[in-house]
Amino acid sequence: MNKDILSRLLKGTSLLILVGILAVVIMVIVLLSKCMQSSDDAITIEPTPNEIQRIMPQNELYVATALIEDYATLQQTEYHLGVFPEEHSCVQILRQKVSYRLDLSKVEYTPKENRIMEVRMPELTYTASTQASQFISDDETYWSEALPSTNELRRKVEQQIRTQFDTPENRQKARLYAQEAIIHILSQLGYQAEFEGTMINNSMSGK
């Protein structure tokens with residue numbers, strides 16, 4: 001009988017303790033919510049450059065891409081018995097995908113008044129990837145000895161392709177394309193772009 005009374009007392013005590021803990025927890029939650037509401041009323045959070053940097057893309061942007069094929073030839077004369085000449089020729093053909101690349105992680109953003117974002121862009125990088133390569137000759141046995149490596153011919157064709165594509169006019173166009181992409185990104189964030197050190201018409205950022 002004494003055990004039953006003791007058990008009931010323990011249960012009653014545990015229940016009171018539990019109710020007390022719940023009451024304290026509810027009071028703490030209510031106080032915290034009031035503090036948070038008063039803090040929200042007193043503090044206005046404004047965007048910072050660091051927040052903008054985290055939002056902006058950090059990968060690479062490829063602009064003004066083209067597929068170009070070019071070739072270089074080489075002629076040599078082989079003399080049989082030191083007297084009888086025989087002309088030989090070969091050609092190295094390359095097809096490359098070329099473009100300008102903008103490293104978006106190196107673009108600098110400086111917020112100004114009236115939600116204007118000043119943008120400083122790095123130089124565009126010329127890139128080329130070989131899609132196809134073909135070496136054709138009139139005499140494989142001769143050229144395997146006379147030209148054991150075609151690297152020099154390949155470099156010549158690569159330079160020819162770059163000369164065709166990497167011009168001041170194409171760089172300017174590619175830079176404008178890159179700026180338009182940044183303008184679009186910033187406009188989605190509610191900013192108007194203003195590019196430093198460029199001739200782009202900043203009214204474009206209103207688009």
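Remember, predicted model here, so these are calculated numbers, not experimental data.
Rounded to the nearest 0.5 angstrom, S187 OG and Q192 CD are separated by 10.5 Å. Between the CD atom of E196 and the CD atom of E194 there is a distance of 9.5 Å, given to the nearest 0.5 Å. Residue S99 holds its OG atom at 10.0 Å from CD of E60, rounded to the nearest 0.5 Å. E123 contributes atom CD, which lies 13.0 Å from atom CG of D103 (distance to the nearest 0.5 angstrom). Going from atom OH of Y126 over to atom CZ of R171 covers 10.0 Å, rounded to the nearest 0.5 Å. Atom CD of Q96 sits about 11.0 Å away from atom CD of E69, to the nearest 0.5 Å.
Between H88 and W143 the shortest side-chain heavy-atom distance falls below 4.5 Å. Contact of the I116 side chain with the Y191 side chain is not registered, since no non-hydrogen atoms from C-beta on lie closer than 4.5 Å. When side chains are defined from C-beta on, T73 does not count as touching C90, because their heavy atoms never get closer than 4.5 Å. Side chains of R95 and T130 form no contact here, defined as non-hydrogen atoms less than 4.5 Å apart. Side-chain contact between I68 and F165: present, with at least one pair of heavy atoms (C-beta onward) separated by less than 4.5 Å. Side-chain contact between Q164 and D70 is present, with at least one heavy-atom pair separated by less than 4.5 Å. Residues F135 and V91 fail the side-chain proximity criterion, which asks for heavy atoms closer than 4.5 Å. The shortest side-chain heavy-atom distance between I93 and I136 falls under the 4.5 Å cut-off.
In the hydrophobic clustering of ILVMFWY residues, with side-chain heavy atoms under 4.5 Å counting as a link, L147 and V157 come out apart. Hydrophobic cluster membership differs between L176 and Y62, with clusters built from Ile, Leu, Val, Met, Phe, Trp and Tyr side chains linked at under 4.5 angstrom.
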> Does the side-chain contact (heavy atoms from CB on, under 4.5 Å) test come out yes or no for V98 and T65, once each step is laid out?
Replying inline: CA-CA 6 Å; V98 294; T65 299; over 6 Å; no

>> side-chain contact (heavy atoms from CB on, under 4.5 Å), that's the test. Do M117 and T110 meet it? Break it down for me.
In response: CA-CA 6 Å; M117 187 71 68; T110 305; 5.6 Å; no

>> Show, in sequence, the C-alpha distance, side-chain angles and deciding distance for L102 and M121, and conclude whether the side-chain contact (heavy atoms from CB on, under 4.5 Å) test is met.
In response: CA-CA 8 Å; L102 174 65; M121 289 174 49; 4.0 Å; yes

>> Quick one, L94 with Y71, criterion side-chain contact (heavy atoms from CB on, under 4.5 Å). Give me CA distance, side-chain angles, the key distance, then yes/no.
In response: CA-CA 6 Å; L94 282 182; Y71 66 93; over 6 Å; no

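Annotation: side-chain hydrogen bond (donor to acceptor under 3.5 Å, both in side chains) contacts of E87 (sequence neighbours excluded): T77. For E118, there are no side-chain hydrogen bond (donor to acceptor under 3.5 Å, both in side chains) partners, not counting sequence neighbours. Not counting sequence neighbours, H184 has no partner by the side-chain hydrogen bond (donor to acceptor under 3.5 Å, both in side chains) test. Every residue was checked against the side-chain hydrogen bond (donor to acceptor under 3.5 Å, both in side chains) condition with D139, not counting sequence neighbours, and none meets it. With sequence neighbours left out, S129 forms a side-chain contact (heavy atoms from CB on, under 4.5 Å) with K97, Q131. Looking at residues two or more places apart in sequence or on another chain, you find a side-chain contact (heavy atoms from CB on, under 4.5 Å) between L81 and F84.
E152 CD: 12 or fewer foreign heavy atoms inside a 6.0 Å radius. Within a 6.0 Å sphere centred on CD of E140, other residues, nucleotides and ligands contribute 12 heavy atoms or fewer.
In terms of modelled atom types and a separation under 3.5 Å, the side chain of R120 and the main chain of V107 share no donor-acceptor contact. Between the side chain of R162 and the backbone N or O of A128, no donor-acceptor pair lies under 3.5 Å. A side-chain donor-acceptor contact under 3.5 Å links D138 to the backbone of S89. No donor-acceptor distance shorter than 3.5 angstrom exists from the side chain of T150 to the backbone of L153, with no hydrogens or angles considered.
No side-chain N or O of N170 forms a donor-acceptor pair with one of Y100 less than 3.5 Å apart. In this model, a donor atom of one side chain and an acceptor atom of the other lie less than 3.5 Å apart for Q76 and Y142.
Closest approach of R115 and G190 over heavy atoms only: NE-O, 2.9 Å.
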